[in-house]
Protein chains: 2
Amino acid sequence: MFTLSEENYLKTIYHLELDADKGISTNAIAKKLETKASSVTDMIKKLSDKEVVVYKKYKGVTLTELGKKTAANIVRKHRLWEVFLVEKLNFSWDEVHDVAEQLEHIKSPKLIDQIDAFLGFPTHDPHGDPIPDKDGNLKTIEKSLLSTLLKNESGICVGVNDSSSEFLKFLDKKGITLGKQLTVLEKEDFDGSLSILIDGEKLSISNKIANNLYIQK
Amino acid sequence: MFTLSEENYLKTIYHLELDADKGISTNAIAKKLETKASSVTDMIKKLSDKEVVVYKKYKGVTLTELGKKTAANIVRKHRLWEVFLVEKLNFSWDEVHDVAEQLEHIKSPKLIDQIDAFLGFPTHDPHGDPIPDKDGNLKTIEKSLLSTLLKNESGICVGVNDSSSEFLKFLDKKGITLGKQLTVLEKEDFDGSLSILIDGEKLSISNKIANNLYIQK
DNA sequence: ATATATTTTTAGACAAGACTAAAAATTATT
DNA sequence: AATAATTTTTAGTCTTGTCTAAAAATATAT
Ligand SMILES: [Mn+2]
Ligand SMILES: [Mn+2]
Ligand SMILES: [Mn+2]
Ligand SMILES: [Mn+2]
């Protein structure tokens with residue numbers, strides 16, 4: 001069994017490992033968890049004793065199979081709870097993350113199985129992120145940043161890169177939600193801004209926005 | 001804001017105060033929380049600093065208004081989660097308590113309001129215990145122990161005194177659930193055992209059982 | 001290759017929450 | 001009222017998880 005703090009470290013290392021296949025540095029973990037490098041070193045030793053990470057001094061950490069499975073299970077819970085909050089309790093997608101950060105630590109295998117069934121075994125959370133299965137496997141769909149689309153290409157909005165409340169509320173305001181089809185009408189080279197067609201409406205999109213929206217072609 | 005540990009102390013004192021209107025003793029709290037009296041003294045001082053209890057050395061504690069409200073809110077969350085687990089996730093009434101012990105500490109006013117609405121504003125939990133309202137008030141119905149019923153009296157089963165998993169499973173096995181009508185057919189003086197009529201069936205009930213079932217006449 | 005900058009680890013401290021053992025206060029008994 | 005038993009508090013220790021400051025290792029620049 002893992003403490004709340006251990007679980008948060010595992011989850012952080014898991015996320016960092018997904019897009020960086022070398023060992024995860026002490027500093028990277030510290031930054032994500034908003035803590036100090038020395039605290040990370042301490043915790044890494046504990047996790048290493050519990051055999052969820054492999055740790056070589058000054059060389060960073062990697063998750064063991066047990067570590068990966070444990071972390072994936074926490075992510076699974078986080079994302080299932082997010083779906084529950086949006087689908088059943090009328091939360092909007094910008095309100096769910098902080099509550100899910102708490103709910104992901106509830107320990108009850110039956111609870112999460114029942115929530116999963118109650119929701120009809122969803123595959124993705126409200127932000128388009130995949131929900132790991134019970135064994136910790138997650139199938140990623142291929143998706144591209146909107147900024148990589150060329151003029152006249154179109155696709156469906158399937159995820160966000162930045163899931164801050166501010167960004168999500170901004171998308172709401174513009175009428176951009178997951179599942180919507182869009183087409184690139186115009187692409188400005190000098191600032192990377194786009195003109196897109198969505199719901200039959202023309203919309204101006206800054207480069208910053210285009211770099212944080214995932215599209216499935 | 002209160003820590004998990006502080007919340008558990010508050011809840012314990014709240015429950016103890018409900019059936020003992022003197023100051024709650026250090027030992028009583030220690031017993032309920034399965035901890036040591038010295039630990040309780042330490043915590044009581046912290047709670048006193050936070051003005052949720054009034055503490056006089058050697059004289060026990062009482063909750064302040066703020067303390068009562070805070071405690072009632074935790075109990076509210078506990079019981080609403082229990083209803084949710086039974087009504088929506090197919091938990092049986094003997095499986096919900098331990099999970100609710102975790103869920104009651106989730107901090108999100110919106111979450112609990114939405115759960116309340118989602119459940120149709122229930123007034124009682126699966127064990128027949130009343131759910132405090134948002135201001136911390138709880139209306140208690142008058143109920144009597146089955147053991148206090150006289151021969152030929154009848155009533156409706158409305159609650160349990162012992163809510164251990166063992167007792168609840170025992171009741172399930174005997175077909176005794178909340179809402180059922182029953183009548184005392186026979187009452188043995190020497191061992192306090194009863195013969196009751198429930199669902200048209202005659203059933204033998206030991207004194208121990210009769211002392212843990214609440215009936216509304 | 002040496003010096004400099006950065007990252008990581010160690011050493012030592014602190015707060016929260018628990019424990020044991022001993023002291024002090026209260027309650028019960030003779 | 002004095003003594004004994006019980007309850008409560010205090011003093012000191014421990015673990016978890018955090019921090020700062022200093023030392024050690026690694027990476028970068030000259
Ligand atoms: Mn999230
Ligand atoms: Mn998400
Ligand atoms: Mn309960
Ligand atoms: Mn209950």
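Just so it is clear: chains get the letters A, B, ... in the order the sequence lines come, proteins before strands, and each one is counted from 1.
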One thing to verify: whether B:Glu65 and B:Lys68 come together as a salt bridge, which I'm taking to mean a side-chain N less than 4.0 angstrom from a carboxylate O. yes
Using OP1 and OP2 only, check whether a side-chain N or O of A:Lys36 sits under 4.0 Å from D:dT20. yes
Is a donor-acceptor contact shorter than 3.5 angstrom present between the side chain of A:Ser38 and the base of D:dT20? yes
Under 4.0 Å between a side-chain N/O of B:Tyr55 and OP1 or OP2 of D:dT8, yes or no? no
OP1 or OP2 of D:dT16 under 4.0 Å from side-chain N/O of A:Tyr9: no
note: A:Glu34, atom CD; D:dT18, atom C1'; distance rounded to Å ~ 14 Å
Nearest whole Å is fine: how far is C:dG17 P from B:Glu7 CD? 11 Å
Can you tell me the distance, in whole Å, between the NZ atom of A:Lys22 and the P atom of C:dT7? 13 Å
Pick out which of A:Glu6, A:Glu17, A:Glu104 makes a salt bridge (Lys or Arg N to Asp or Glu O under 4.0 Å) with A:Lys11. A:Glu104
Round to a whole Å and report the spacing from NZ of B:Lys31 to C1' of D:dT8. 16 Å
For A:Ile44 and D:dT18, give me the distance from atom CD1 to atom P, rounded to whole Å. 12 Å
Please state how far atom CE in B:Met1 lies from atom P in C:dA16, giving the value in whole angstrom units. 17 Å
How many whole angstroms separate atom CG of B:Asp42 from atom P of D:dA11? 11 Å
Measuring to OP1 and OP2 of D:dA25, would you say a side-chain N or O of A:Lys57 lies under 4.0 angstrom away? no
Start at the 5' end of DNA chain D and walk down; is the nucleotide closest to A:Leu4 or to B:Lys59 reached first? B:Lys59
The single option from A:His15, A:His127, A:His97, A:His105 that satisfies ring-ring contact (aromatic ring centres under 6.0 Å, His included) with A:His78 is A:His97
Taking any heavy-atom pair under 4.0 Å as a contact, classify A:Lys45: base, sugar-phosphate, or nothing. sugar-phosphate
Is A:Ser39 close enough to D:dC19 that one of its side-chain N or O atoms is under 4.0 Å from OP1 or OP2 there? yes
Contact class for A:Thr26 vs. all strands (heavy atom < 4.0 Å): base, sugar-phosphate, or nothing? sugar-phosphate
Near-ring test B:Phe84/A:Phe84, centroid separation under 6.0 angstrom: yes
side-chain contact (heavy atoms from CB on, under 4.5 Å) between A:Leu146 and A:Tyr214: does it pass, once the steps are laid out? CA-CA 6 Å; A:Leu146 172 53; A:Tyr214 285 116; over 6 Å; no
Test A:Ser25 against A:Asn27 for side chain to side chain donor-acceptor pair (under 3.5 Å), laying out the working first. CA-CA 5 Å; A:Ser25 77; A:Asn27 257 6; over 6 Å; no
Quick one: which of C:dT7, D:dT9, C:dG17 gets closest to the side chain of A:Asn27? C:dT7
Rounding to a whole Å, what distance do you find between A:Met43:CE and C:dT10:P? 16 Å
For a quick check of understanding: with a heavy-atom distance under 4.0 Å over all strands, which category does B:Ser5 fall into, base, sugar-phosphate or nothing? sugar-phosphate
Please determine if a side-chain N or O atom of B:Thr41 lies less than 4.0 Å away from the OP1 or OP2 oxygen of D:dT10. no
Against the side chain of A:Tyr58, the closest entry in C:dG17, D:dT18, D:dA24 is D:dA24
